[in-house]
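Down below is the structure, laid out as structure tokens.
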Amino acid sequence: MEEFFENELAKKFEEMIENNEEFYFDTEEYIEIIIYYLELGDYSYAEMAVNHALKIHPNSLEIKTKQLEVFLELERYTKAKELIDDLHQSSLEDTDFLVCCAKYYSNLGNPKKSIEYCQKALLLEEEENFLHNFIADEYVNLDDPFNALKHYTSALEHDPYDEYSLENVMVCYSKLNRSQEALDFLNQYLDKFSFSETAWYEYGQFHFNKKNYEEAIKGFDYLLAINSSAVGVYANKAACYEAMGEWDKAIAVYEEMLDLEYTKAFTYYKIGLCYKEAKKLVPALTSFQKSLREDPQFYLAMMEQSYLYEELGNPKEALYFAQEATALNEGNIEYHKRLAFLYITCGEYEESLTCLKKLIESEPTRFYNWYAYSEVLMLIGEYEEAITILEKALKVHPRAELYYQLSNCYFHLKNEAEGISKLEKALELDPSLSKDMQLKYPFIKEQVKKIKTKKK
């Protein structure tokens, strides 16, 4: 890798540019310089190298083909098409040119034409692994997993260690719902390449998706026997134990994982969740605290602490951690719901209004958001504001509950006529709610009796 970043030819080329000098590079050297910049993703320098190269070697088809690659990377498709037309007759036996043509049509959303050029390139018997993968990708773009599978398999035949091909073979089998064939393929592959980490990972993942957790664990264990530092695989293995409800075993795997990680916050969080599922609340709390020590802004661990403190009968601490978590994840509407609930639980009604207002703005179609907002406004005596909210709510949700609330507001504001009118509407819509609503709003109790008597 160090040698790659210290390419001597590229270094010499850059010195030439910086010092405004003229050095001679032959065609092969320029090709190497251009490839270096293309692989580095430095397309401005790649273009500069192409332009200098064409001054010295204006008739080089290889350099013009590299220029075509640069045009494609810079998305200069008009110039790319002109150059394709210019080179077409002279370069049809050149794999790099045909690949560029395939990329051009692929980028313009014409996978069939792209495949045609790849097929022509395959006849030259060069870079077969790359070309079969390219063709397979284009069949994926055409939503044709059957043909994609054939070419990913061919790519793998040309390079049995190609992880990309192997992974996509499994994806295609999955899309085609050919589970048994996928498993047969994996078993045959593992018979030949038993030290393939990717194959064992796919084996474990295949069985995990089929809920064959014991077999999945075997696959992940084989992988870890080959490479014990494959951190992510521990998480997959632990997930198997979680799916089986074997929380202690999952925790043991996560603890193994801790020894290999630089950032441990998420793993401590997962350990905490396992303890929580096992009803071991204190160790769960300790794990979430460790998670936060690793990452003081990890809001998932904060919110889990909030749930635990609530379960342990400490709503004030639950509220504190919910506040912290919500502040770090303002866009999470579920956090605002929880925060509103905890404010109300702790008797901090006015503080809950900010959250409740956010809820009706974000989810106006959810009835309960409006119902809770108006309920809290009534609790703190803001009946006029509650009426404003309820009138808006009724445009979206013309439900009896809101009319009961509205009547209660009017009775509190001594507006008996409006109170009776809204109460009559509520009773008309859903009289079965009357008993519960009278318990909640004693002001309407006598009026309900009067309305019922009047009807008789």
Side-chain angles (χ1 to χ4, degrees), residues 306 310 313-320 322-323 326-327 330 332-456:
S306 173
E310 183 189 357
N314 192 338
K316 287 287 183 186
E317 282 295 308
L319 175 59
Y320 168 76
Q323 286 172 316
T326 307
E330 272 289 327
N332 191 323
I333 205 70
E334 295 303 316
Y335 280 22
H336 285 281
K337 287 178 187 177
R338 171 155 180 78
L339 189 54
F341 164 76
L342 287 169
Y343 275 131
I344 293 166
T345 301
C346 293
E348 298 181 25
Y349 301 119
E350 291 189 17
E351 287 79 359
S352 74
L353 291 174
T354 304
C355 299
L356 292 166
K357 185 179 180 185
K358 197 174 191 76
L359 294 184
I360 62 168
E361 289 169 354
S362 302
E363 297 180 334
T365 58
R366 286 183 68 92
F367 164 74
Y368 187 76
N369 293 340
W370 296 94
Y371 184 77
Y373 192 14
S374 54
E375 191 76 12
V376 172
L377 286 170
M378 288 190 289
L379 279 170
I380 61 173
E382 295 289 345
Y383 296 106
E384 289 182 358
E385 192 176 343
I387 288 169
T388 303
I389 294 300
L390 286 164
E391 293 291 357
K392 290 179 183 177
L394 282 164
K395 290 175 184 176
V396 190
H397 306 281
R399 287 177 53 161
E401 295 94 321
L402 302 180
Y403 280 105
Y404 280 112
Q405 287 183 316
L406 204 49
S407 68
N408 182 57
C409 290
Y410 280 120
F411 287 133
H412 271 88
L413 293 169
K414 313 297 184 190
N415 188 337
E416 193 167 304
E418 279 296 327
I420 291 170
S421 169
K422 304 306 177 189
L423 185 55
E424 285 175 341
K425 181 68 175 174
L427 289 165
E428 180 188 323
L429 285 171
D430 193 343
S432 68
L433 291 173
S434 171
K435 192 174 180 180
D436 287 337
M437 289 298 173
Q438 288 176 65
L439 289 171
K440 286 185 77 170
Y441 313 125
F443 262 59
I444 72 171
K445 196 170 184 178
E446 287 303 314
Q447 298 298 336
V448 170
K449 285 180 185 176
K450 287 180 184 178
I451 292 169
K452 287 182 176 180
T453 304
K454 186 179 173 183
K455 283 184 179 180
K456 286 178 184 178

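When each of Lys392, Glu401, Gln405 is tested with Ser374 by the rule side chain to side chain donor-acceptor pair (under 3.5 Å), just one qualifies, namely Gln405.
With hydrogens and angles disregarded, a donor-acceptor distance shorter than 3.5 Å links the side chain of Ser352 to the backbone of Tyr349. The backbone N or O of Tyr404 sits less than 3.5 Å from a side-chain atom of Ser407, completing a donor-acceptor pair.
To the nearest 0.5 angstrom, Tyr320 atom OH is 13.0 Å from Asn314 atom CG. One finds the CG atom of Leu427 at 10.5 Å from the CE atom of Met437 (value rounded to the nearest 0.5 Å). We find the CD1-OG distance between Ile333 and Ser362 to be 3.5 Å, quoted to the nearest 0.5 Å. Atom CD1 of Ile360 is separated from atom CD1 of Ile389 by 4.5 Å, given to the nearest 0.5 angstrom. Going from atom OH of Tyr371 over to atom CG of Leu390 covers 10.0 Å, rounded to the nearest 0.5 Å.
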Test Ser434 against Gln438 for side chain to side chain donor-acceptor pair (under 3.5 Å), laying out the working first. CA-CA 6 Å; Ser434 171; Gln438 288 176 65; 2.8 Å; yes

Assess the residue pair Lys337 and Glu363 against the criterion (salt bridge (charged side-chain N to carboxylate O under 4.0 Å, His left out)); give the C-alpha distance rounded to whole Å, side-chain angles, the decisive distance to 0.1 Å, and a yes or no. CA-CA 11 Å; Lys337 287 178 187 177; Glu363 297 180 334; 3.1 Å; yes

Salt bridge (charged side-chain N to carboxylate O under 4.0 Å, His left out) between Glu348 and Lys316: does it pass, once the steps are laid out? CA-CA 11 Å; Glu348 298 181 25; Lys316 287 287 183 186; 3.1 Å; yes

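The aromatic rings of Phe367 and His397 lie perpendicular to each other, with more than 60° between the two planes, well past the 30° mark.
Annotation: side chain of Leu356 is in contact with side chain of Val376 (closest heavy-atom distance under 4.5 Å). Counting heavy atoms from C-beta on, the side chains of Met378 and His412 never come closer than 4.5 Å.
Phe411 and Ile420 get closest at one heavy-atom pair: CZ-N, 3.5 Å.
Under the rule for a side-chain hydrogen bond (donor to acceptor under 3.5 Å, both in side chains), Glu361 has no partner lying at least two apart in sequence or in another chain.
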